[in-house]
**Student:** 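Mind looking over this structure? Questions follow.
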Amino acid sequence: MRREGAARARGLRTDYCGELGPEDVGRTVSVCGWVSRRREHGEHLAFVDLRDHTGIIQCVVDGGHDIRAEHVIKVTGELRLRPEGTVNEAIPTGEVEVGASEVEILSVAEPPPFSVDGRIAAEEQVRLRYRYVDLRRERMQANLRLRAQVNAAIRRSMERQGFVEIETPLLWTPTPEGAREFAIPSRLQPGSFYVLPQSPQIAKQLLMLSGFDRYYQIARCMRDEDLRADRQFEFTQLDLEASFVRQEDLWEVVSDSVLEVARSVTGKEPPPVETMTWSEALERFGTDKPDLRFKMELVRLEEAVAGTGFKAFQAEAVRALCLKGGAELGRGRLDALTDRAKKLGAAGLVWLRVLRQSDGLALESPVAKFLSDKEKAAVVAATGAEEGDLLLVVAGERARSCRVLGQLRLDLAQPAVSEPPYRFCWITEFPLFEGLDDDGNPVAAHHPFTMPHPDDLDRLESDPLSVRSQSYDLVLNGWELGSGSIRIHRADIQRRIFSVLGISEQEAESRFGFLLGAFRYGAPPHGGFAYGIDRLAALMAGEESIREVIAFPKTQSGADLMAESPRALPERQLEELGLRLLPRPEAKSPG
RNA sequence: GGACCUGUGGUGCAGCUCGGAGUGCACGCCGGCCUGUCAAGCCGGAGGUCGCGGGUUCAAAUCCCGUCAGGUCCGCCA
């Protein structure tokens, strides 16, 4: 438990509270911290549980001191074994206590707005308003320290692999694509604006053209989009880019870093990162971010019901889920599932209970009468269903049917997202384009500098929607951690992409000018990746929201309840920036 | 932009369906007692615009409308 490196930096104290033990008995020690709890026994005896970031130590003090919860005090005295029968097995320092000869009150505290010991869980609203108190709690101390451990593991991995840490500007220039940006008015050039980077994407590609070969940065990114449990305005990514590499090389680099993180946090060797194509993920799990911790994969039934007389199953795709033991679900529950499927975009949901009959398994369902015995048998065989299971079938367009079942799979069987094990997975071969915009032009799925799959290059113009890209996502337990791609470094291919996207040469020049310009001076083949450290740290900490691993997060309406941002600026400051406010339709009054 | 959940002494809850005096529980707080506790114990006490505004009603924490705040989600996040 003792940390040698910290020994010289203990300052006012000789020891940390949580590190004292029987081996220290007999020493005169000084400990500093916050009063976690006091137990008074009259004029001459009181117990004080003193807390610092390492833990809690019991101090035995004279009852005359006015020592209250969260007072900051320094206690000096001899460390001794607790008397027989008074050992507290519930805490690591429970065998010893400080017999206080001197108590110094370093500062007094008002009663905290909620309990620091976590006995009663305060509402998030209250926690955020008094975040400095909230962060004293064991949970938040552990979370933020775990996050620091994640950062350290990432740096270890990147340095080991020869990456160079380079900082890029926070005051950047507006880019037309992607997320909404935060704008910063220029004082020296009134009317002009910087923006905060939504990612260092362009900067890091330029660093490749500059010959740095391997760049990384633990980078803050800002996106002015609506907030969620896994999304804040500002978040932190491991951002990296490498030259003269193939996708496989990057997967290895990134896998090394996340496995180093998992190893460091869990103390165990994590399972290797798996890989599957986007198309396979959709077929097997009905999503591009599969949760591999549990099976219940989607099943193809097209062959089993080929040539069926049942109209609903005469569709492009007929897919099923088998819910183990689901036959006992009541009618109300099944109706709710059907509603859910419809809300998700399915035409309907067919359920079949798998029951035992004298001569084998039988299917009980409102539509059983429309299926032949042979079809029923084929369905049972294809799904591997056993007595007591429930089959859920969606028929219709392929991608939609898979996605509906993919969501039902999560609804019915997904464990808490932060529960181990940690099953990292690469999703590869994303489509280059996703659908068409209002003008009938394909829309870039990743960004317009993503290199197409070499085997599909000749279909770029003839059948763009079938073209795969060299882009890839990293997924952990159903959460998208990040994405990356091999970039286009050749002008001819970039021209063809812009042409397919319906972007003219002039438009490309004005929108991506300085990047395209830089490419004219010698661009190495390169590619990169970025993943969210907030999300990774949250999952590693067993949290469902990234706010629990961020010291001072914003609420869903973008407010900091402690700092009370955002706020109005004084008129003088606006003037200096060359800004004038439009009248607001209505003033917000505090509730 | 939209859907749903939540808002009651400092904290966490119950009360709301079926309207009848701010009623209750746990923690905390203040005072007293208490020399081996550790969620200390015992006795006493203080503390409330029921988020805010409007409506219905003889009467609203409770029903209705609006609004604000927090959360979850859809849209959005190349």
Side-chain angles (χ1 to χ4, degrees), chain A residues 36-50 56-64 66 68-70 80 82-91 93-94 97 99 109-130 133-134 175-181 198-199 201-202 221-233 235 343-345 407 411 430 432-435 437 442-450 469 471 480 483 485 501 503 511-512 530 532 544-545 547 553-559 561 586-591:
Chain A
S36 181
R37 199 162 274 283
R38 65 168 200 283
R39 294 174 292 279
E40 288 178 78
H41 287 258
E43 217 176 326
H44 296 296
L45 178 68
F47 299 97
V48 171
D49 289 341
L50 192 63
I56 283 178
I57 182 80
Q58 172 168 288
C59 304
V60 185
V61 308
D62 188 273
D66 188 17
R68 306 199 176 209
E70 300 308 309
R80 62 196 187 203
R82 294 195 188 185
E84 185 100 30
T86 63
V87 167
N88 183 354
E89 314 232 330
I91 61 172
T93 61
E97 63 189 12
E110 290 176 22
F114 52 90
S115 70
V116 177
D117 63 16
R119 251 176 81 189
I120 292 177
E123 235 177 58
E124 195 167 2
Q125 202 168 347
V126 183
R127 293 173 53 204
L128 289 178
R129 179 132 138 257
Y130 302 95
V133 173
D134 188 41
T175 48
E177 302 277 314
R180 189 180 297 114
E181 295 163 323
Q198 38 177 304
S199 83
Q201 179 64 36
I202 291 175
C221 307
M222 290 78 166
R223 297 181 186 172
D224 189 1
E225 298 290 350
D226 287 359
L227 289 70
R228 289 280 197 286
D230 62 350
R231 278 159 40 186
Q232 285 270 303
F233 283 154
F235 58 101
K343 225 172 238 153
L344 291 166
Q407 187 57 54
D411 291 352
F430 274 75
L432 189 60
F433 305 105
E434 50 179 16
D437 66 15
V443 179
H446 191 52
H447 60 62
F449 312 111
T450 305
S469 67
S471 69
E480 180 192 323
S483 60
S485 63
L501 288 170
I503 299 174
R511 282 167 69 174
F512 312 108
E544 311 270 312
S545 160
R547 293 188 299 275
K554 307 272 189 292
T555 66
Q556 200 158 43
S557 64
L561 298 179
E586 74 220 64
K588 281 192 182 184
S589 59

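Numbered from 1 within each chain, the chains take letters A, B, ... in sequence-line order.
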**Student:** Counting heavy atoms from C-beta on, name the nucleotide in B/G75, B/C76, B/A69 closest to the side chain of A/E225.
**Tutor:** B/C76
**Student:** Is any side-chain N or O of A/R228 under 3.5 Å from a base N or O of B/G71, one able to act as donor and the other as acceptor?
**Tutor:** no
**Student:** Run the side-chain donor-acceptor check on residues 84-91 of chain A: report pairs under 3.5 Å with partners two or more places apart or on a different chain.
**Tutor:**
from	atom 1	to	atom 2	distance (Å)
A/T86	OG1	A/P83	O	2.6
A/N88	OD1	A/A90	N	2.9

**Student:** Go through the structure and list residues passing side-chain contact (heavy atoms from CB on, under 4.5 Å) with A/I120, not counting sequence neighbours.
**Tutor:** A/S115
**Student:** Report the residues that fulfil side-chain hydrogen bond (donor to acceptor under 3.5 Å, both in side chains) with A/E40, sequence neighbours left out, ordered by chain and then residue number.
**Tutor:** A/R38
**Student:** Please figure out whether A/E544 or A/G178 has its closest RNA chain B nucleotide nearer the 5' end.
**Tutor:** A/E544
**Student:** Mapping A/A445 and A/S557 onto RNA chain B by nearest heavy atom, which one lands closer to the 5' end?
**Tutor:** A/S557
**Student:** Restricting to side-chain hydrogen bond (donor to acceptor under 3.5 Å, both in side chains), what partner residues turn up for A/D224, sequence neighbours left out?
**Tutor:** none
**Student:** Distances under 3.5 Å only, N/O to N/O: pair up the protein atoms with those of nucleotides 2-10 of chain B.
**Tutor:**
from	atom 1	to	atom 2	distance (Å)
B/G10	O2'	A/P113	O	2.9

**Student:** Could you verify whether a donor N or O on one side chain and an acceptor N or O on the other, from A/R39 and A/Q58, lie under 3.5 Å apart?
**Tutor:** yes
**Student:** I'd like to check the ring pair (Phe, Tyr, Trp, His ring centres under 6.0 Å) partners of A/Y130; sequence neighbours left out, ordered by chain and number.
**Tutor:** none
**Student:** Identify, with sequence neighbours excluded, every residue that meets ring pair (Phe, Tyr, Trp, His ring centres under 6.0 Å) alongside A/F235.
**Tutor:** none
**Student:** Which residues satisfy the side-chain hydrogen bond (donor to acceptor under 3.5 Å, both in side chains) test with A/S36, sequence neighbours excluded?
**Tutor:** none
**Student:** Students often get this wrong, so: under 4.0 angstrom with heavy atoms, is A/A229 touching a base, only sugar-phosphate, or nothing?
**Tutor:** sugar-phosphate
**Student:** Can you give one letter per nucleotide of nucleotides 34-41 of chain B, going 5' to 3': B for a protein heavy atom under 4.0 Å from the base, S for sugar-phosphate only, - for none?
**Tutor:** BBBBBBB-
**Student:** Rounded to whole Å, please give me the gap between CD in A/Q125 and C1' in B/U72.
**Tutor:** 15 Å
